[in-house]
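Keep in mind the model is a prediction, meaning the values are calculated, not measured. Sequence lines set the chain letters: A, B, ... in the order given, protein chains first and strands last, and positions in each chain run from 1.
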2 protein chains.
Amino acid sequence: MDFEPLGLATDLVILTVRDGRLQVLLIRRGIPPYQGRWALPGGFVRPDEDLETTARRELAEETGLSAERIHLEQVATYGAPDRDPRGRVVSVAYLALVPDLPAPVAGSDAASASWVDATDVLDDSGRLAFDHHRILADAVERARAKLEYSPLATAFCPAEFTISELRGVYEAVWGLPLDPRNFHRKVTKTPNFVAPLGTTTTRDGGRPAQLFHRGTATTLHPPMTRT
Amino acid sequence: MDFEPLGLATDLVILTVRDGRLQVLLIRRGIPPYQGRWALPGGFVRPDEDLETTARRELAEETGLSAERIHLEQVATYGAPDRDPRGRVVSVAYLALVPDLPAPVAGSDAASASWVDATDVLDDSGRLAFDHHRILADAVERARAKLEYSPLATAFCPAEFTISELRGVYEAVWGLPLDPRNFHRKVTKTPNFVAPLGTTTTRDGGRPAQLFHRGTATTLHPPMTRT
DNA sequence: TGACTTCTCGTCAAGATGACGATTAGAGTG
DNA sequence: CACTCTAATCGTCATCTTGACGAGAAGTCA
């Protein structure tokens, strides 16, 4: 079987919540095309390598994290014939959600990598190389939608978190404030969304807050409402 | 730039609702590999052809429909190195929803194509070639989920339809009965889900039913519940 | 001690849901 | 034509969920 010349790559939309804002990991491209421009981290799929394996490898390279526990999901595939000036390159986009990292992007081999406010990038459709603006927009929209009906927000949190830290994730991703009391009610009354640890922390100031970890639920019924 | 040898294909999950059941269009493979087995229709992406263009072309070839009005969306991409014995073939799966066709699969060039009950196929994980069982399962799950929060069900209906025909779509896709009165209330009270035409039909028997067409809504708030 | 912050529980009206009764308007039949 | 059958459509009602917001609890900080 002979095939047309074709490149297969994965691009990663790595999101985190820092300082109450949704941020995305971008790299500055060191080589043409789009040299010097910001882009999503990514790379070519190796022969005999599964797509998700490629994505996890890239994720580990960029974040320095052993990427096993990280939430990673496929978003979509982009294959417009002219999307890469080097030739036909089809890219499978993955969305990764990571907690606020203790070490800021250690071990990255990219020319320079940094966290950037996602909304800033989304507001400027010309900032990113290739069709990465579109990919980012699709991935962020996926994340926003999944917060509604899945416990995905916990993927942004460390293993132990408070209800208000979880609320901060929703507020950052959705970009709107939520009522702390109603949020607390919703989260704690949805079966298996979160599980209490019995311990408390005062790291958020104010009255000590209970610590929770992820529950076993996979979907939220009824969903969290984006109002 | 030189690339590893690699094939790029699209596979189509074409769904319809006939006789109150969710059905999928399958072809019987005329050539190896998996000769004689059932498979999803699909084909290789041509040079300089966009992924969705390929999918629409295949859709038109299989159904004989000018595929412009047909709902078509990308589901996921499958790229396990050993998923095709001919070599590395990455496949982008698309989901197409078509109304109950007047002409049954006219103009198909496949060896033989036919509508098969989706639940039957899903119950037998060895029926389909390649990883097509997995692709079908993912696509059907996507369709089931989207019925909850989008007006997608109208894509299974002709331009004009009654509320009970729409309910039939939900019941077929979800595989469970819905209360006709509550469904009627929900559909007609959700703004812009459907718009009345003012005319009626008796094609469903019983009291004449109002005819509706699609509304302008893109999401359902709150979603339709799968109970 | 007192101010301040945040957590957590409560209340209440409005809206949505699920269960189901009842009526309506046609087709089919003797 | 009356009678039956089917399905569409409207209504009722208890229950659940939401959104808005009051109020107390339990820490830290000066």
S.K.: What is the distance from NE2 of B:His221 to P of D:dG19, rounded to the nearest Å?
M.R.: 11 Å
S.K.: Is any side-chain N of the basic residue among B:Asp124 and B:Arg37 closer than 4.0 Å to the acidic one's carboxylate O?
M.R.: no
S.K.: Rounding to an integer number of Å, can you tell me how far A:Met224 CE sits from D:dT17 P?
M.R.: 14 Å
S.K.: Starting from P on D:dT6, measure out to CD1 on B:Ile163 and report it in whole angstrom.
M.R.: 22 Å
S.K.: Can you tell me how far P of C:dA25 sits from CG of B:Leu211, to the nearest Å?
M.R.: 17 Å
S.K.: Whole Å only: how far is the CG atom of A:Leu220 from the C1' atom of D:dT17?
M.R.: 14 Å
S.K.: Are B:His133 and B:Ser125 side-chain neighbours, meaning at least one heavy-atom pair lies under 4.5 Å?
M.R.: yes
S.K.: Using a 4.0 Å heavy-atom cut-off, does B:Lys186 contact any base of the nucleic acid, only the sugar-phosphate backbone, or nothing at all?
M.R.: sugar-phosphate
S.K.: Decide whether A:Asp138 and A:Tyr78 meet the rule of one side-chain donor and one side-chain acceptor closer than 3.5 Å.
M.R.: yes
S.K.: How about A:Pro196 and A:Gln210: do any of their side-chain heavy atoms sit closer than 4.5 Å?
M.R.: yes
S.K.: Can you find a heavy atom in the side chain of B:Leu12 that is under 4.5 Å from one in the side chain of B:Leu72?
M.R.: yes
S.K.: Which of these nucleotides, D:dG19, C:dT8, C:dG18, is closest to any side-chain atom of B:Thr225?
M.R.: C:dG18
S.K.: Mind calculating the distance between CG (B:Asn182) and P (D:dT12) to the nearest angstrom?
M.R.: 15 Å
S.K.: I need a per-nucleotide contact map over nucleotides 22-30 of chain D, read 5' to 3'. Cutoff is protein heavy atoms under 4.0 Å; write B for the base, S for backbone only, - otherwise.
M.R.: B-BBBS---
S.K.: From C-beta outward on A:Arg185, which listed nucleotide comes closest to its side chain: C:dT8, C:dA19, D:dG19?
M.R.: D:dG19
S.K.: Atom NZ of B:Lys189 to atom P of D:dT9: distance rounded to whole Å?
M.R.: 14 Å
S.K.: Looking at every strand, decide which applies to B:Asp204 at a 4.0 Å heavy-atom threshold: base, sugar-phosphate, or nothing.
M.R.: sugar-phosphate
S.K.: Please classify the nucleic acid contact of A:Thr188 as base, sugar-phosphate, or nothing, using heavy-atom distances under 4.0 Å.
M.R.: nothing
S.K.: With heavy atoms under 4.0 Å as the rule, sort B:Arg167 into base, sugar-phosphate or nothing.
M.R.: sugar-phosphate
S.K.: With side chains defined as the heavy atoms from C-beta onward, is the minimum distance between A:Val13 and A:Leu15 less than 4.5 Å?
M.R.: yes
S.K.: Can you find a side-chain donor-acceptor pair between B:Thr16 and B:Asp100 that sits under 3.5 Å?
M.R.: no
S.K.: Please report, rounded to the nearest Å, how far the C1' atom of D:dG19 is from the CZ atom of A:Arg226.
M.R.: 18 Å
S.K.: Of the nucleotides C:dA16, C:dT8, D:dC13, which has the atom closest to the A:Ala209 side chain?
M.R.: C:dT8
S.K.: What's the closest nucleotide to the side chain of A:Gln210 if the choices are C:dG18, D:dA20, C:dT8?
M.R.: C:dT8
